[in-house]
S.K.: 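Have a look at this one before I ask anything.
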Amino acid sequence: MRFLHASDLHLDSPLRGLAKHDDAPVDVLRGATREAFSNLIELAIEENVDFVLLGGDLYDGTWQDFSTAIFFSKKLGELDRAGIRVFGVLGNHDAQSKLTKALEKPKNLTLLPANKPHTEVLDDLEVAIHGQSFPQQQVVDNLAACYPMAMPGMFNIGLLHTSLDGREGHAAYAPCKLDDLLAKDYQYWALGHVHTREEVSTDPWVVFPGCLQGRHARETGPKGCCLVYVEDRKVQRVEHRVLDVVRWENCVVDLSNVDSLQGVLDSTERALSDIVAEADGRDVATRVSFVGASPVHSELQGKSLWLRQKILNLSAERYGDSLWIEKVIVATTRKLDLEELLSGDGAIGGLARSILEIQDDPIAVRGLDAALAALMDKLPPEVSMADDGLQLDDPNVVGRLIREAKELLIGKLLETGDES
Ligand SMILES: [Mn+2]
């Protein structure tokens, strides 16, 4: 037996945040949620799965018109003709009270009720699916607590839209602890709500498949669903299948060792080319961030418009419409040079000077003997005594360690030495 577990389709998500960018490929991004869903349907048919599970947030909210629901019905019809059933719960975005326009429910879709947990038994497969939909957007109760115990002799699945014990960037809905889920003795927990894929547990399996298609710069990386293989009422394996059609990626460019504007552009070009390669032919949307304590930090100040133009040009020339630069963020910090650091009359300048004054010859360093002896006492014998251990009784080794430590400390001060 095998089934697909997907969640957070957010079909026709309006992507309001993109409206402020006049160059955003809004139609491509909006169409992407539908295309990713089509990919899910195709995969289900291709893999001839026994059923499909949907963990909530099928829709982004109530529909503007019926076309979203009609599209959904059309796709479910394709599954129906292939004999594939679908089981789902509603989440915070498509909670029962939010979908104001009613439409005939596709006949192969079973939506679990919102008033109390319900168990759907598939006798032919020896499967029991337990779950409850969100009655309204704000669900602060622990829904899982009321789910029934596992049915003996069945493969038990829990369908639940939840933030578990809290996930960054996600509202705390239907909160519960992993232990609450494990206590039910189910073989698989099909979760929804969290848009980042996460295997919370593998024994038993507790999985957030993540959203089907990234919709903005915080939903990065490959998105898709889980294909779950089951034998003798046990999960054999869980595969992540990538289904997204537009890829969001953070393009982080480290400028620590870049000392010219041309160098900035060259580094950007390399980083963009990596991101495009990783997306495997998909369109890419990216936010470019420059980071690091950089020699060009000062030069970049007040040049953000120039930089953005340069990067947009570069991207258009190399990748055309297949790459969209959502934003360019300059988040570098100042890098001092050594002379500047040493001439500072504040605490950091003084610290740097005293670090450099330490001699490399261990014999000349006052108090080093006692410090090393104390250190040797604390080290486990396999570190201090072994042939390949730390030879702290060898003046050459200690001399080298002193030089390395000085370089490391001065390097750190140069990165953060801005005494403001
Ligand atoms: Mn969601």
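Because the structure is predicted, anything quoted here is derived from the model rather than measured. As the structure lists them, so they are numbered: ligands from 1, and atoms in each ligand from 1.
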S.K.: Distance check below 2.8 Å: does His170 bring an N, O or S atom to the Mn ion (ligand 1)?
M.R.: no
S.K.: Evaluate the side-chain contact (heavy atoms from CB on, under 4.5 Å) criterion for residues Leu90 and His161: first the C-alpha distance (whole Å), next the side-chain angles of each, then the deciding distance (0.1 Å), finally the verdict.
M.R.: CA-CA 8 Å; Leu90 301 170; His161 199 77; over 6 Å; no
S.K.: Have a look at Asp57 and say which of its N, O or S atoms is nearest the Mn ion (ligand 1).
M.R.: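 The Mn ion (ligand 1) is closest to the Asp57 atom OD2, counting only N, O or S.
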S.K.: Would you call Asp12 and Arg34 a salt bridge, using N to O less than 4.0 angstrom?
M.R.: yes
S.K.: Which residue pairs pass the salt bridge (Lys or Arg N to Asp or Glu O under 4.0 Å) test with at least one member in residues 67-78, sequence neighbours excluded?
M.R.: Lys75-Glu78
S.K.: Rounded to 10°, how many degrees is the angle NE2/His195-the Mn ion (ligand 1)-NE2/His10?
M.R.: 80°
S.K.: Tell me whether the Mn ion (ligand 1) has His93 as a neighbour, meaning an N, O or S atom of it below 2.8 Å.
M.R.: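 It does not: His93 brings no N, O or S atom closer than 2.8 Å to the Mn ion (ligand 1).
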S.K.: Would you mind reporting whether His130 and Pro117 have side-chain heavy atoms less than 4.5 Å apart?
M.R.: no
S.K.: Salt bridge (charged side-chain N to carboxylate O under 4.0 Å, His left out) between Asp23 and Arg308: does it pass, once the steps are laid out?
M.R.: CA-CA 13 Å; Asp23 62 338; Arg308 189 181 148 76; 3.7 Å; yes
S.K.: For N/O/S atoms only: which one belongs to Asp8 and is nearest the Mn ion (ligand 1)?
M.R.: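 So the atom name we want here is OD2.
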